Structures are given as C-alpha cells and as structure tokens.
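First up is the structure itself, then whatever we jot down about it.
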Amino acid sequence: MMKYLSTIFILLACPAVATVDIVGTVEAKCVIQTTKSGVYGNPIASKLSTTPADGGVLPVIRYDVSIADSYTANITHPTSFSSSPTLSDTVAWTGSTSVTQTSVAGMSGYEAAKVVVNNTTIFDLTLAGSTWFSTASSAVYGSAKPFAGGTYTASVVATCIPK
C-alpha cells in the first residue's frame with residue numbers, strides 16, 4: 001500500500017507538460033511597386049532634375065492597400081547621390097511628392113492632406129485601393145559649377161508604415 005501511495009504522490013507532483021506551437025502567416029496588406037523609374041535630365045550644366053520640363057522622367061510608385069485606414073505612405077526624396085563621379089563641392093537638393101493617379105475617387109483628397117517633414121512626404125492611406133505617387137527631385141551643384149560627366153544615381157525611399 002505504501003508503494004502505491006508513493007507512486008500516486010510522484011504522479012501528482014510531476015504533472016505532464018506540453019508545448020504546442022501556434023503558427024500564423026500574415027500577408028502584406030500594403031504593397032509598394034515601382035511603376036516607372038526616374039531619370040535625371042540635365043537642363044543646365046549645374047542642375048540635374050527629374051521634372052519633364054527639364055528633360056527628366058518622374059519616378060512613379062504605386063501603393064496597393066487592402067485594409068483602409070491602417071497605413072501611412074512615407075515617401076522620401078533624395079538628399080544625396082548613392083553613386084556619382086567625385087564631387088568637390090556641395091549639392092543643394094529639393095524635391096516633392098504628389099498623388100498622380102488613384103483607383104478610388106476619394107483618394108484624391110490625399111494630396112491636400114499630405115504632411116511634409118524635411119524631405120519625407122506622409123500620406124494617410126484612409127481608403128483601400130491603389131494610389132500612384134510621383135516624386136520630383138532636383139540637384140544643383142556648387143555655385144553653378146557644372147556637374148562632371150558620368151552617371152548619377154539617387155533613390156526615392158518608399159515605405160508603408162502601419163498606424
């Protein structure tokens with residue numbers, strides 16, 4: 001009888017333990033795609049610009065959002081070249097981002113409601129659907145010094161931030 005009680009005591013003192021994993025996959029509800037790559041035009045020797053009037057091509061980025069009022073689009077225009085010939089003077093940067101096309105009429109209000117902080121433009125994506133944004137970028141070299149010949153590359157950074 002004592003052996004039986006000690007066995008029960010051991011079983012009660014050492015309960016069974018199990019670890020069960022729970023796995024879930026979250027699909028992106030905000031997708032960013034490049035619709036058109038930008039190209040710098042060189043209207044004068046000291047200026048590079050993506051503006052079509054300056055011979056450039058505006059980069060276009062599309063945001064596809066499947067859940068309304070859950071994300072902000074943060075689009076940052078460049079303030080430096082990621083690659084370029086050696087430059088010995090400063091470059092003055094300007095830029096702006098605008099809504100260029102929408103899949104839902106109400107998205108046209110994104111333009112008036114945008115917030116600009118330094119070189120980042122923030123859009124509150126309040127509706128589900130697709131929105132296209134274009135970013136103008138301009139770089140002026142030194143005191144009207146001509147840019148050296150070569151390839152100049154800069155990047156627009158587009159992020160989708162959950163609210």
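Values in this document were obtained by computation on a predicted structure and should not be read as measured data.
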Any side-chain donor near an acceptor of the partner, Ser138 and Ser49, under 3.5 Å: no
NZ/NE/NH1/NH2 to OD/OE distance under 4.0 Å, Asp124 and Lys163: yes
Donor-acceptor contact present, side-chain Thr50 to main-chain Leu58, <3.5 Å: no
Whether Phe81 and Phe147 hold their rings parallel, tilted or perpendicular, with breakpoints at 30° and 60°: perpendicular
Note, Lys36 side chain near Val57 side chain (heavy atom, < 4.5 Å): yes
Side-chain (Tyr141) to main-chain (Asp89) donor-acceptor, under 3.5 angstrom: yes
Side chain to side chain, Val140 and Val91, heavy atoms closer than 4.5 Å: no
Steps toward side-chain contact (heavy atoms from CB on, under 4.5 Å) verdict (Tyr152, Leu87): CA-CA 11 Å; Tyr152 292 78; Leu87 300 173; 3.8 Å; yes
Asn118, CG: over 12 other non-hydrogen atoms inside 6.0 angstrom: no
Any donor-acceptor N or O pair under 3.5 Å, side chains Ser83, Thr153: yes
Spacing of OG belonging to Ser80 relative to CG belonging to Asn119, to within rounding of 0.5 Å: 9.5 Å
Heavy-atom pair of closest approach, residues Ser88 and Lys145: OG-NZ, 4.4 Å
Spatial distance of atom NZ (Lys114) from atom OG1 (Thr72) [nearest 0.5 Å]: 15.0 Å
Non-hydrogen atoms of Met107 and Ala128 that approach each other most closely: CE-O, 3.4 Å
Gap between atom OG of Ser108 and atom CD of Gln101 - 0.5 Å precision: 12.5 Å
Any donor-acceptor N or O pair under 3.5 Å, side chains Thr135, Thr97: yes
Donor on one side chain, acceptor on other, Asp64 and Ser66, under 3.5 Å: no
Chi angles and distances behind the side-chain contact (heavy atoms from CB on, under 4.5 Å) call for Tyr110, Thr102: CA-CA 10 Å; Tyr110 291 175; Thr102 64; 5.5 Å; no
Donor-acceptor pair, side chain of Glu111 and main chain of Val99, under 3.5 angstrom: yes
4.5 Å side-chain heavy-atom contact, Pro78 and Ser155: no
Exam field: side chain Thr34 to backbone Ile61, donor-acceptor pair closer than 3.5 Å: no
hydrophobic_cluster_shared for Val104 and Phe123, side chain cutoff 4.5 Å: yes
Check: Trp93 and Ser137 side chains under 4.5 Å, non-hydrogen atoms: yes
Non-hydrogen atoms of Pro85 and Gly150 that approach each other most closely: CG-CA, 3.8 Å
Shared hydrophobic cluster, Val65 / Ile32 (ILVMFWY, side-chain heavy atoms < 4.5 Å): yes
Output field: ring centroids Phe133/Tyr63 closer than 6.0 Å: yes
Backbone of Lys47 reached by a side-chain donor or acceptor of Asn42 within 3.5 Å: yes
Distance (rounded to the nearest 0.5 Å) between Cys160 SG and Ile75 CD1: 10.0 Å
